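The structure under discussion appears below in the form of structure tokens.
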Number of protein chains: 2
Amino acid sequence: MKKAEATRLMILQKAFELIYVNGYQTTSIDHIIATTQVTKGAFYYHFKTKDEMGLAIINDILKPNLTSSFIEPLQKGLDPLDAIYNLMHHLLMENEFLKVEYGCPVANFTQEMTPWNAEFSKVLDELTQQWTQVLTATIEKGKENGSIRKDVNAKQVTLFVMSGYWGIRNYGKLENSKKVYMPYLKELRRYLDSLK
Amino acid sequence: MKKAEATRLMILQKAFELIYVNGYQTTSIDHIIATTQVTKGAFYYHFKTKDEMGLAIINDILKPNLTSSFIEPLQKGLDPLDAIYNLMHHLLMENEFLKVEYGCPVANFTQEMTPWNAEFSKVLDELTQQWTQVLTATIEKGKENGSIRKDVNAKQVTLFVMSGYWGIRNYGKLENSKKVYMPYLKELRRYLDSLK
DNA sequence: CATAAAAGATACTGCTTAGTATTTTTACAA
DNA sequence: TTGTAAAAATACTAAGCAGTATCTTTTATG
């Protein structure tokens, strides 16, 4: 990797951290360049505007992470319901990229940037769509192999599960404790079992 | 009501609207006083700081609204599961205080102000606690009168339902359409029925 | 090694921000 | 009616903001 490319990525990573903790609007470029030890000239060499950087964070940091943390675990050929539960358990309890006190980065971005920035909404929606599609496919697979009842509506379940995830992350943020994750996961397990 | 009191309330109401639409950080005091047609002197007569105003919005605007929209509907003595479903349906589809494109004001505040402002976290947590307590009590009532299975964990269900609500509001914001509310509500109904 | 382009550094601009100091107007009780 | 405190208006400050213009250094390539 070229040095310039490394600088760019380093800016994105540290900027992401700052934004994950403090929000997009409140994270100033001055704050970013102070943290990254990169000058303003360097910053604006790599990004035309702050928003361009924000979009790059979503595309170059969040998207790859979503793939490895949210999507690939579903494609391991486990029993579908187990796969979904294990995914959620891992995301909430073990994943070290995601911190309880800062919530879900995608949900944070969505809440902050939507509806007044169409560009952000678009890429965030793409991100979300990816996840919902894989979740829906996982459930359909379960219907085919008989582990999930045929009358279950896969898209409906996906929406229900995904909403719960976004919501519990926000609640965890409020309580600043993973404690709330446990009863949530227990009920999720019960709910998933009701689809058998 | 005294005139000064009316001014104060008017500032709070219009400021709430602006914040609900644009977020707390991005809503400037200059913007608020331009919208309210109140001068800076008047604003700072009523509120020492911006944060004091923000907290007043939660206490004087959101709290009463929460009581009438989120809590009282549960206390009408309906069948508990119907009461919960009807509440959600009303909140998502009919309530005119809440707009799909702007999400849930409490969730918005939580995401934006937590964890870096303990004061906000505290009052938001109080607000949320109120709702969860009434939801839990409603489910317990159902267990007592036999309409809900005895092995159901009321607190667990409450957390699950509340998370789904917060999440679907965020998703509605992203999609900018109430369409996503319908499959969510359908699955919620199925889920609630599974508690019978 | 020369050179041109890529990458980064520095100093600045114009604007917005929350908050303040000071003055003026309004409401109401004596 | 008048005195006084509540309420509101005006003009300001210092700091922070995104972004720009200009200059210097580094890197790759002939």
Side-chain angles (χ1 to χ4, degrees), chain A residues 1-60 108-109 112-113 116-120 123, chain B residues 1-60 108-109 112-113 116-120 123:
Chain A
M1 179 163 48
K2 279 193 197 157
K3 203 190 161 210
E5 190 61 22
T7 304
R8 190 189 124 99
L9 207 66
M10 185 265 281
I11 294 173
L12 287 180
Q13 267 156 354
K14 298 220 171 176
F16 164 75
E17 279 298 325
L18 289 172
I19 290 166
Y20 185 29
V21 174
N22 302 306
Y24 181 78
Q25 314 278 356
T26 36
T27 301
S28 70
I29 288 169
D30 285 346
H31 194 176
I32 293 169
I33 65 176
T35 307
T36 53
Q37 304 267 54
V38 150
T39 60
K40 205 158 246 194
F43 180 92
Y44 277 98
Y45 173 78
H46 289 287
F47 310 102
K48 267 218 286 289
T49 63
K50 186 188 179 183
D51 280 3
E52 189 178 299
M53 180 211 63
L55 293 168
I57 286 177
I58 298 175
N59 284 316
D60 301 354
N108 290 359
F109 261 120
E112 197 174 348
M113 308 309 278
W116 63 270
N117 189 311
E119 197 70 58
F120 273 79
V123 295
Chain B
M1 180 164 47
K2 279 197 200 150
K3 203 190 160 210
E5 191 60 23
T7 304
R8 189 190 125 100
L9 208 65
M10 186 265 281
I11 295 173
L12 288 180
Q13 266 155 353
K14 298 221 169 172
F16 164 75
E17 280 297 325
L18 289 172
I19 290 167
Y20 184 29
V21 173
N22 303 305
Y24 181 78
Q25 314 279 357
T26 36
T27 301
S28 70
I29 288 168
D30 285 346
H31 194 177
I32 293 169
I33 66 178
T35 306
T36 52
Q37 304 267 56
V38 149
T39 61
K40 205 157 247 194
F43 180 92
Y44 278 99
Y45 173 77
H46 289 287
F47 311 102
K48 267 219 284 291
T49 62
K50 187 187 179 185
D51 280 3
E52 190 179 298
M53 181 212 62
L55 292 168
I57 286 177
I58 298 175
N59 284 315
D60 300 355
N108 291 357
F109 260 121
E112 199 175 346
M113 307 309 280
W116 62 269
N117 190 309
E119 197 69 56
F120 273 80
V123 295

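Bear in mind that the values here come from a model prediction, so they are computed numbers and not experimental data. Below, read A as the first sequence line, B as the second, and so on, with proteins coming before strands; counting in each chain starts at 1.
Within a heavy-atom distance below 4.0 Å of DNA chain C, no residue of residues 12-21 of chain B is found. Contacts between residues 48-58 of chain A and DNA chain D, defined by a heavy-atom separation below 4.0 Å, involve A/Thr49, A/Lys50, listed by number.
Listed for the B/Glu119 side chain is no donor-acceptor partner under 3.5 Å among the backbone atoms of B/Leu55. The backbone N or O of B/Gln37 lies less than 3.5 Å from no partner atom in the side chain of B/Lys14, so there is not a single donor-acceptor pair. Side chain of A/Asn22 to backbone of A/Leu18: a donor-acceptor contact under 3.5 angstrom is found. Judged by distance alone, with hydrogens and angles left aside, the side-chain atoms of B/Asn117 form a donor-acceptor pair with the main-chain N or O of B/Phe120 at under 3.5 Å.
With rounding to the nearest 0.5 Å, the separation of CZ in A/Phe43 from CD1 in A/Ile11 is 6.5 Å. Here the straight-line distance linking atom CD1 of B/Ile58 with atom CZ of B/Phe16 works out to 10.5 Å at 0.5 Å rounding.
Proximity of B/Val38 to B/Met10: side-chain heavy atoms (C-beta onward) are separated by under 4.5 Å at one or more points. Residues B/Asp60 and B/Arg8 meet the side-chain proximity criterion, which asks for heavy atoms closer than 4.5 Å. By the 4.5 Å heavy-atom criterion applied to side chains, A/Ile32 and A/Glu17 are not counted as neighbours. Considering only heavy atoms from C-beta on, B/Gln25 comes within 4.5 Å of B/Met113 through its side chain. Between B/Glu112 and B/Asn108, the closest side-chain pair of non-hydrogen atoms is not below 4.5 Å. Counting heavy atoms from C-beta outward, B/Thr39 and B/Tyr44 have side chains that stay 4.5 Å or more apart. Looking at heavy atoms from C-beta onward, B/Val21 lies out of side-chain contact with A/Trp116 at the 4.5 angstrom threshold.
For A/Phe43 and C/dT10, the CZ to C1' distance is 17 Å, given to the nearest whole Å. In this structure, CG of A/Asp30 is placed 14 Å from P of C/dA11, rounded to the nearest angstrom. The interatomic distance linking A/Ile33 (CD1) with C/dT10 (C1') rounds to 11 Å, in whole Å. A straight line from CD1 of B/Ile32 to P of C/dT16 spans 17 Å, rounded to a whole angstrom. Taking atom CD1 of residue A/Ile29 and atom C1' of nucleotide D/dC17, one finds them 9 Å apart after rounding to whole Å. To the nearest angstrom, C1' of D/dA8 lies 16 Å from CZ of B/Arg8. Taking atom CD of B/Glu5 as the reference point, atom P of D/dA6 lies 15 Å away to the nearest angstrom. As rounded to whole Å, 15 Å separates atom P of D/dG16 from atom CD of B/Gln25.
In this structure, the salt bridge (charged side-chain N to carboxylate O under 4.0 Å, His left out) partners of A/Lys40, at least two apart in sequence or on a different chain, are A/Asp30.
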>> Please convert DNA chain C into dot-bracket. A pair counts if it is Watson-Crick or G-U wobble with both distances under 3.5 Å; crossing pairs go in [ ] and bases paired with another strand get |.
In response: ||||||||||||||||||||||||||||||

Set out, line by line, the N/O atom pairs under 3.5 Å between protein and nucleotides 9-11 of chain D.
residue : atom : partner : partner atom : Å
D/dA9   : OP2  : B/Thr39 : N            : 3.3
D/dA9   : OP2  : B/Thr39 : OG1          : 2.9

Under 3.5 Å, which N/O atoms of the protein pair with N/O atoms of nucleotides 24-29 of chain D?
none

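Within the 4.0 Å cut-off from OP1 or OP2 of C/dG8, not a single side-chain nitrogen or oxygen of A/Tyr45 is found. Put simply, B/Ser28 has a side-chain N or O that comes within less than 4.0 Å of OP1 or OP2 on C/dT17. Taking only side-chain nitrogens and oxygens, A/His46 never comes nearer than 4.0 Å to OP1 or OP2 of C/dA6.
Closest contact between the side chain of A/Tyr44 and the listed nucleotides D/dG19, D/dA8, C/dT20 involves D/dG19.
In this structure, B/Lys50 satisfies the cation-pi test against B/Tyr24, with its NZ or CZ atom closer than 6.0 Å to the six-membered ring centre and inside 45 degrees of the ring normal.
Nearest heavy atoms, A/Glu52 versus A/Phe47: OE2-CA, 3.8 Å.
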